[in-house]
Colleague: 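Below you'll find the structure I mean.
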Amino acid sequence: MIHVVFFCSEAVPFAKTGGMADVCGALPLALEKLGARVTVFMPLYSAIDQKKHRIHKSQPSFAQTTVGKSVQVYLVEHHQFYHRDGLYGTSYGDYRDNLERFGFFCSRGLEILRENDMKADIIHCHDWQTALVPVYLKTRHAHDRFYSDMSSVLTIHNLAFQGVFPREQFGFTGLEGKYFNSQGFEFYGQINLLKAGIFYSDYLTTVSPQYAREIQTQEFGWGLEGVLRSRKENLWGILNGIDDTFWDPQNDPLIEAPYSEENLTGKVRAKAGLQQACGFDTDAEVPVLSFIGRLAQQKGIDIMVPALEGILSRHQAQVVILGVGEERYHRMFGQLSKHFPRNVSVHLGFDEGLAHKIYAGSDIFLMPSNYEPCGLSQMISLRYGTIPVVYHTGGLADTVTSFEHQGNGFVFNQYNTLALSEAIRQAIQVFHNKALFHSLVKRALKSNFSWEISAGHYLDLYQRNLKTKT
Ligand code: ADP
């Protein structure tokens, strides 16, 4: 049985700031179902509810629990490093000692493996926080028999975050100064942990096939495109899944009534409920457009707000927004709802319950992200039969195809307000063609983005990795 050890800085249900936590929570369970033995290492942050997750202290430097049937989770302790309010920083910025904090985690995790004689076949690392693990395997542990059969995989969840630190901190890696060079850590005179991880890991993955291609270009490469191109033979794009038991219109306690491809009355009720909750006219003939997401530049809000201004001036439509983030976007949405008080409902905050109601109750879901490594919201909206409008990028391009070609949504190819407006206009036009829209909704409800499929691809990759070793 293959033994895969995850090294990650966050995982559901213990600690989460972003999509990496969803992957590191769901993928081990899906791999276990496919017959793999999986162990997870992460830091023991003070924010983790130890009682709730039945975490017990096993040795002075780490605690332990089990998830799924028998996935062992090791939580590495260090009071000074992990007993803080945030995972990576505060609202004023990142913690200054993050290199030390995560460097310690990587070294200590590898030591715990040895101390407990846990042989791993594959060590699967995630983002810059654990990018030192593949480096340690190929440098300080290169001639150590305990580690010599272990292969490494590094997954890049979002290339925008690379773990860049001043050169003076290199000592905290515990490595000799000779490794600070252009074929490793050095990046414009600074330390770049992700860059080193890209050089030293056996295989690289990112969270969608299209993003795997895009990050090799100057437009999306954040300065690492050349390094990534040099590893392209070993770079795979594997789409994330969604938790299809949590996101399930047939069994979702947070929505008005269950529905499915065979019986859509629950969706009709969800729409009426959402319209009421937003103070809109309860009219099934008016399309409800929605957006749920972080209010950040990446999410395309700069082109979406002017597009919606134009659409709402010319068409009958209702718009629901749920999100939280940068102040400037809070103001932009505030203005929009002031201009169209009867047709725009803005909810600035994080609200899981409302998110479910919006996915179920709206007709069209807007996701004009400027770049998107994978994106979960478009998959969730499809699962709820809500038709996405997306920009052709990253994971959006891999999951949404134009309805004109027997696809499941509306895709625009130029990143600007005009192209987005045109795609929304087309979506509204199709919405008014009942038979056509109905078939689109049915097709969307058939989508399958379960983790099982992704886990199968990861297993293929692990196995290939093992073969190349032997
Ligand atoms: P990213 O990881 O870049 O933020 P994704 O589309 O991959 O974007 O995942 C976003 C997830 O967070 C989705 O499950 C979405 O429903 C959820 N989400 C985002 N903003 C909110 C919010 N304000 N309230 C509730 N859920 C939200």
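Whatever order the structure lists ligands and atoms in, that order sets their numbers, starting from 1. Below, all heavy atoms of this structure are taken into account, side chains as well, without hydrogens, waters or symmetry copies. Keep in mind that this is a model prediction, so the values were computed, not measured.
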Colleague: Check this for me, if you would: do Arg294 and Glu326 make a salt bridge, where the nitrogen-to-carboxylate-oxygen distance has to be below 4.0 angstrom?
Modeller: no

Colleague: List the closest protein heavy-atom neighbour of atom 19 (C) of ligand 1: residue, atom name, distance to the nearest 0.1 Å.
Modeller: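 Protein heavy atom at minimum distance: Gly293 CA, 3.7 Å.
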
Colleague: Taking the side chain as every heavy atom from C-beta outward, state whether His78 and Pro43 have any pair of such atoms under 4.5 Å apart.
Modeller: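 No, too far: nothing below the 4.5 Å cut-off.
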
Colleague: Taking the side chain as every heavy atom from C-beta outward, state whether Thr66 and Val71 have any atom pair closer than 4.5 Å.
Modeller: no

Colleague: Within a distance of under 4.0 Å, is there any protein heavy atom near atom 12 (O) of ligand 1?
Modeller: no

Colleague: Could you tell me whether Asn158 approaches ligand 1 through its side chain, its backbone, both or neither, with non-hydrogen atoms closer than 4.0 Å?
Modeller: neither

Colleague: Number the atoms of ligand 1 from 1 as they appear, then name those within less than 4.0 Å of a heavy atom of Gly323, with their elements.
Modeller: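 Matching atoms, with element in brackets: 23 (N).
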
Colleague: Is any side-chain heavy atom of Asn465 closer than 4.5 Å to a side-chain heavy atom of Val153?
Modeller: yes

Colleague: Got the closest protein heavy atom to atom 22 (C) of ligand 1, with its distance?
Modeller: Phe350 CD1, 3.5 Å

Colleague: Taking the side chain as everything from C-beta on, heavy atoms only, tell me whether Leu322 gets closer than 4.5 Å to Phe291.
Modeller: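 No; the side chains remain at least 4.5 Å from each other.
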
Colleague: What part of Lys299, side chain from CB on, backbone N/CA/C/O, both or neither, has a heavy atom under 4.0 Å from ligand 1?
Modeller: side chain

Colleague: Considering heavy atoms of the protein only, find what lies nearest to atom 5 (P) of ligand 1 and give residue, atom and distance to 0.1 Å.
Modeller: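 Here the nearest protein heavy atom works out to Leu376 N, 3.5 Å.
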
Colleague: Considering only heavy atoms from C-beta outward, does the side chain of Phe246 approach that of Glu352 to under 4.5 Å?
Modeller: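 Side-chain contact under 4.5 Å: yes.
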
Colleague: Considering distance alone, does some N or O of Ala355 sit under 3.5 Å from an N or O of ligand 1?
Modeller: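 Min N/O separation from ligand 1 is not below 3.5 Å for Ala355.
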
Colleague: State plainly whether the residues Asp363 and Lys271 are in salt-bridge range, i.e. N to O under 4.0 Å.
Modeller: yes

Colleague: Any Lys/Arg nitrogen of Lys69 or Glu32 sitting under 4.0 Å from an Asp/Glu carboxylate oxygen of the other?
Modeller: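 Answer for the salt bridge query: no.
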
Colleague: Does ligand 1 have an atom that lies less than 4.0 angstrom from a heavy atom of Pro373?
Modeller: no

Colleague: Starting from atom 2 (O) of ligand 1, which protein heavy atom do you reach first, and at what distance in Å?
Modeller: Gly19 N, 3.9 Å

Colleague: Are there more than 12 heavy atoms of other residues, nucleotides or ligands under 6.0 Å from atom CZ of Arg269?
Modeller: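 No, because the 6.0 Å sphere around CZ of Arg269 holds 12 heavy atoms or fewer from other groups.
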
Colleague: Only one of Gln129, Arg84, Arg96 clears side chain to side chain contact (heavy atoms under 4.5 Å, CB included) with Arg101; which?
Modeller: Arg84

Colleague: Please work out whether the ring planes of Phe102 and Tyr82 are parallel, tilted or perpendicular, with thresholds of 30° and 60°.
Modeller: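 Ring orientation, 0 to 90° scale: tilted.
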
Colleague: How far is atom 10 (C) of ligand 1 from its nearest protein heavy atom, and which residue and atom is that?
Modeller: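 Protein heavy atom at minimum distance: Ser377 OG, 3.9 Å.
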
Colleague: Any idea which part of Asp351 is under 4.0 Å from ligand 1, heavy-atom wise: side chain, backbone, both or neither?
Modeller: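 It is the backbone that touches ligand 1; the side chain stays farther off.
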
Colleague: Nearest heavy atom to atom 3 (O) of ligand 1: which of Gln298, Arg294, Met367, His356 does it belong to?
Modeller: Arg294

Colleague: Heavy atoms of the protein only: does one fall short of 4.0 Å from atom 27 (C) of ligand 1?
Modeller: yes

Colleague: Which heavy atom of the protein is the closest neighbour of atom 14 (O) of ligand 1, given with residue, atom name and distance?
Modeller: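 Sorting protein heavy atoms by distance from atom 14 (O) of ligand 1 puts Ile380 CD1, 3.5 Å first.
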
Colleague: Can you find an N or O of Gly349 that's nearer than 3.5 Å to an N or O of ligand 1?
Modeller: yes

Colleague: Which heavy atom of the protein is the closest neighbour of atom 15 (C) of ligand 1, given with residue, atom name and distance?
Modeller: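 Answer for atom 15 (C) of ligand 1: Tyr359 OH, 3.4 Å.
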
Colleague: With a 4.0 Å cut-off on heavy atoms, is Gly375 in contact with ligand 1?
Modeller: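 Per 4.0 Å heavy-atom rule, Gly375 contacts ligand 1.
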
